Amino acid sequence: MSSNVNAANSIYVNDDNKKDYQLRRQYQTKALAETYALLSMIDIAYSVFSIESKRIEYWTRLVNEVQVLLRNWRKSDYDRYGK
C-alpha cells in the first residue's frame, strides 16, 4: 500500500496535464484497494491465529482511518484537477 501512496504522491499534476492526474488517481485507487485486502487479511488472522478482538479492532480502526484519508485525498485531487 505504501508504495502506491508514495508513487501517487510523487506525481506532480499541472492543471493542464490530465495524464498525470489520471496516473496519480490510479495509484490512489490501488492504495485504497490494498486497504480492503488488508482488512481481509486482518479478518483471516483473527480466525486462524485467534488474535484478541481488541487488537483486531485497533488495527481495523487504523486501516479505516487510512481509507478515509485516501478518499479525502482523491476527492481533493478531483476537485482540483478532475473537473
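Values in this document were obtained by computation on a predicted structure and should not be read as measured data.
- D43 meets the salt bridge (charged side-chain N to carboxylate O under 4.0 Å, His left out) test with no other residue; sequence neighbours excluded.
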(message) Applying side-chain contact (heavy atoms from CB on, under 4.5 Å) to W73 and N9, what does each step give before you reach the verdict?
(response) CA-CA 10 Å; W73 184 23; N9 196 42; 4.1 Å; yes
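- Counting side-chain heavy-atom gaps under 4.5 Å among Ile, Leu, Val, Met, Phe, Trp and Tyr, the cluster of I11 also holds V13, Y21, L23, Y27, Y78, Y81.
- For the pair N4/E34, a side-chain contact is recorded, criterion being any heavy-atom separation below 4.5 Å from C-beta on.
- Residues I42 and L62 share a single hydrophobic cluster, defined by chaining ILVMFWY side chains whose heavy atoms lie under 4.5 Å apart.
- Two residues are said to be in side-chain contact when any heavy atoms from C-beta on lie closer than 4.5 Å; I44 and F49 fail this criterion.
- Note: L39 CG to N64 CG = 5.5 Å, rounded to the nearest 0.5 Å.
- Considering every non-hydrogen atom in both Y46 and I56, the closest pair reads CD1-CG1, 3.4 Å.
- Partners of T29 according to the side-chain contact (heavy atoms from CB on, under 4.5 Å) rule, which considers only residues two or more places apart in sequence or in another chain, are R25, R74.
- In this view, V66 and M1, T35, L70 satisfy the side-chain contact (heavy atoms from CB on, under 4.5 Å) rule, not counting sequence neighbours.
- Under the rule for a side-chain hydrogen bond (donor to acceptor under 3.5 Å, both in side chains), the partners of N17 that lie at least two apart in sequence or sit in another chain are D20.
- Legend: residues meeting side-chain contact (heavy atoms from CB on, under 4.5 Å) with A33, ordered by chain and number and at least two apart, are absent.
- Not counting sequence neighbours, the partners of Y12 by the side-chain contact (heavy atoms from CB on, under 4.5 Å) test are N14.
- When the side-chain hydrogen bond (donor to acceptor under 3.5 Å, both in side chains) test is applied to Y58, no partner is found at least two apart in sequence or on another chain.
- Within the structure, the salt bridge (Lys or Arg N to Asp or Glu O under 4.0 Å) test picks out no pair touching residues 47-67 (sequence neighbours left out).
- From N72, atom CG reaches atom CG of D77 across 11.5 Å, with rounding to the nearest 0.5 Å.
- Under the salt bridge (charged side-chain N to carboxylate O under 4.0 Å, His left out) criterion, K75 pairs with D79, sequence neighbours left out.
- Between the NZ atom in K30 and the OG atom in S3 there is a gap of 9.0 Å [rounded to 0.5 Å].
- Nearest heavy atom pair, residue A8 against residue Q28, reads CB-CG, 3.9 Å.
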